[in-house]
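Below is one structure, written out as structure tokens, with a few remarks after it.
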Number of protein chains: 2
Amino acid sequence: MDSVSGVGVLDKAVHMLGALRREGSLGLADLQRATGLPRATAHRLAVALEEHGLVRRDGNGRFCLGFELIALGHAAAESFPIGELARPVLVALRDSTGESVQLFVREGDERRCVVSLQSPHGLRWIVPEGARLPLDAGSAGRVLLARSTSDWVESDWVESVEEREPGVASVSSAVRGRDGAVLAAVSVSGPIERLTRGPGKRFGRAVADAADTLAKTLAATA
Amino acid sequence: MDSVSGVGVLDKAVHMLGALRREGSLGLADLQRATGLPRATAHRLAVALEEHGLVRRDGNGRFCLGFELIALGHAAAESFPIGELARPVLVALRDSTGESVQLFVREGDERRCVVSLQSPHGLRWIVPEGARLPLDAGSAGRVLLARSTSDWVESDWVESVEEREPGVASVSSAVRGRDGAVLAAVSVSGPIERLTRGPGKRFGRAVADAADTLAKTLAATA
DNA sequence: CGCTCTCGTCTCACTTTCTGAGATAGTCTT
DNA sequence: AAGACTATCTCAGAAAGTGAGACGAGAGCG
């Protein structure tokens with residue numbers, strides 16, 4: 001029942017979608033509790049969203065996220081050229097390292113996982129595509145904090161160990177545009193047991209190369 | 001510049017997202033043209049959506065679909081149990097047939113593609129996940145039109161040739177719940193050159209078996 | 001059988017929010 | 001430096017959203 005940030009319909013609608021994302025599926029009363037909205041308002045909103053396919057009802061008549069969101073999600077991913085171009089490069093990186101790899105972009109003072117590929121190992125570290133993570137923790141976060149060319153010239157990659165999540169280590173490298181601005185961060189992450197406490201030593205080169213390949217691909221396309 | 005169906009902010013917002021999905025990325029003036037909204041209104045809406053991550057700006061400051069939609073899209077797909085359970089079954093079906101396979105569900109008087117797997121062939125028929133198609137054309141459409149157990153007892157599968165799209169044929173079979181209600185349709189589709197004008201002969205059995213397996217999996221889960 | 005609880009849905013007077021033409025400010029072009 | 005674009009902001013007026021409460025359907029119970 002966390003309070004709604006804004007006051008407009010749109011804020012409420014997004015808040016409701018967020019509640020449904022967290023909780024999976026909710027009856028009207030649950031929706032009411034989860035959003036803090038009055039019954040009538042919650043119902044009206046849910047029905048309005050349903051008409052647009054952003055919300056649907058499951059077999060029991062409970063509200064849950066609608067299929068239109070699947071279509072929009074795909075379109076959103078496709079309309080991000082770096083993400084599309086990165087996929088083959090990231091697949092190669094995952095296959096060569098055997099670990100989960102991600103592509104992050106900066107969004108305000110956070111970072112967003114735009115592409116996520118999972119390690120084939122049984123024990124793996126997964127970051128959901130679309131997830132929003134803090135900028136001030138994790139190797140990818142530090143890479144994205146470097147704004148200009150002058151920063152971080154010392155190394156091609158950055159490593160972090162248990163910085164954001166216990167037991168998880170990662171190595172990241174910047175994808176830079178023509179002008180040296182950091183466009184995105186390529187990241188390899190997994191359990192410390194496999195990555196060790198100095199993951200850069202083993203994977204730094206591969207990650208930096210992947211980031212570089214991606215940067216070149218981008219330059220060639222644009 | 002098609003007119004907006006509703007009048008509320010929500011209708012306009014969804015309309016705008018639809019415009020961005022179709023057009024990829026738009027400047028404010030283009031957005032204005034695409035949505036038919038006045039400048040100020042389009043701008044205010046776009047900024048509001050941006051604050052929620054449903055819209056973002058690309059490198060040139062133009063508006064496009066935001067990353068939050070990727071996250072919501074994934075959540076929407078995951079919150080649909082049949083879709084999740086179906087994936088492995090559909091993968092097996094695609095591999096055994098070598099053609100594109102889809103899972104459709106009825107949504108109002110249309111059908112929605114919830115899962116879509118592509119054929120490995122160079123020439124392949126693709127249906128985007130999340131796409132909404134008519135119910136009155138295509139084999140999957142006819143399967144979903146059968147409401148009760150009494151309908152369509154004659155055959156386990158339905159075939160269609162160039163019914164919805166020239167050059168494309170398909171075979172579909174119903175996934176039925178405990179009570180015999182049609183929950184979804186499994187479909188194999190591809191170019192006539194490979195599927196022939198009587199695709200059911202070759203693929204009917206496989207499609208029906210896949211649908212049946214899925215139905216059993218569902219029954220076991222629920 | 002009738003009572004009660006809960007659930008989803010609808011109504012309607014109230015009022016908050018959204019509206020959008022126009023003004024303003026920043027950015028390339030020429 | 002004028003012109004032709006952009007994106008962004010303002011504010012009085014108008015329209016859309018609001019939500020307590022009524023309603024009917026259904027489930028559970030004594």
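Note on naming: letters A, B, ... go to the chains in the order of the sequence lines (proteins, then strands), and numbering restarts at 1 for each one.
- C/dT6 atom P lies 10 Å from atom CZ of A/Arg33, rounded to whole Å.
- Here A/Glu99 does not pair with A/Arg94 in a salt bridge; the nearest charged N to carboxylate O distance is not below 4.0 Å.
- Listed pair A/His43 / C/dG8 fails the phosphate criterion, with no side-chain N or O lying under 4.0 Å from OP1 or OP2.
- Over its length, the helix from C/dC1-D/dG30 to C/dT30-D/dA1 turns its helix axis by 40°, as judged from the five terminal pairs at each end, rounded to 10°.
- Contact of the A/Arg21 side chain with the A/Leu17 side chain is not registered, since no non-hydrogen atoms from C-beta on lie closer than 4.5 Å.
- Here B/Arg205 pairs with B/Asp156, B/Asp209 under the salt bridge (Lys or Arg N to Asp or Glu O under 4.0 Å) rule; sequence neighbours left out.
- Salt-bridge formation is not detected for the pair B/Arg56/B/Glu68: no Lys NZ or Arg NE/NH1/NH2 atom is positioned less than 4.0 Å from an Asp or Glu carboxylate oxygen.
- For residues 74-86 of chain A, the set of pairs meeting the side-chain hydrogen bond (donor to acceptor under 3.5 Å, both in side chains) definition, not counting sequence neighbours, comprises A/His74-B/Glu129.
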Got a list of protein N/O to nucleotides 16-18 of chain D N/O distances below 3.5 Å?
{"residue": "D/dT18", "atom": "OP1", "partner": "A/Lys12", "partner atom": "NZ", "Å": "2.4"}
{"residue": "D/dT18", "atom": "OP2", "partner": "A/Arg44", "partner atom": "NH1", "Å": "2.8"}

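- Between B/Glu163 and B/Arg142, at least one side-chain nitrogen of the basic residue sits less than 4.0 Å from a carboxylate oxygen of the acidic one, meeting the salt-bridge criterion.
- When heavy atoms are screened at a 4.0 angstrom cut-off, A/Arg62 is found touching no nucleic acid atom at all.
- Checked against ring-ring contact (aromatic ring centres under 6.0 Å, His included), A/Phe80 has the following partners two or more places apart in sequence or in another chain: B/Phe67.
- Contact of the A/Val114 side chain with the A/Phe104 side chain is not registered, since no non-hydrogen atoms from C-beta on lie closer than 4.5 Å.
- Of the residues near DNA chain C, A/Leu28 and B/Ala40, the one whose nearest nucleotide (by heavy atom distance) lies more toward the 5' end is A/Leu28.
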Per-nucleotide protein contact string for nucleotides 23-30 of chain C (B base, S sugar-phosphate only, - none; heavy atom under 4.0 Å): --------

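- With a 6.0 Å radius and a threshold of 12 heavy atoms from other residues, nucleotides or ligands, B/Arg39 has its CZ atom at or below the threshold.
- Checked for salt-bridge contact, A/Arg176 and A/Asp212 miss the test: no charged N lies under 4.0 Å from a carboxylate O.
- Atom pair A/Leu26:CG and C/dC7:C1' shows a separation of 15 Å (rounding to whole Å applied).
- Note on B/Gly61: nothing from the nucleic acid sits closer than 4.0 angstrom, heavy atoms only.
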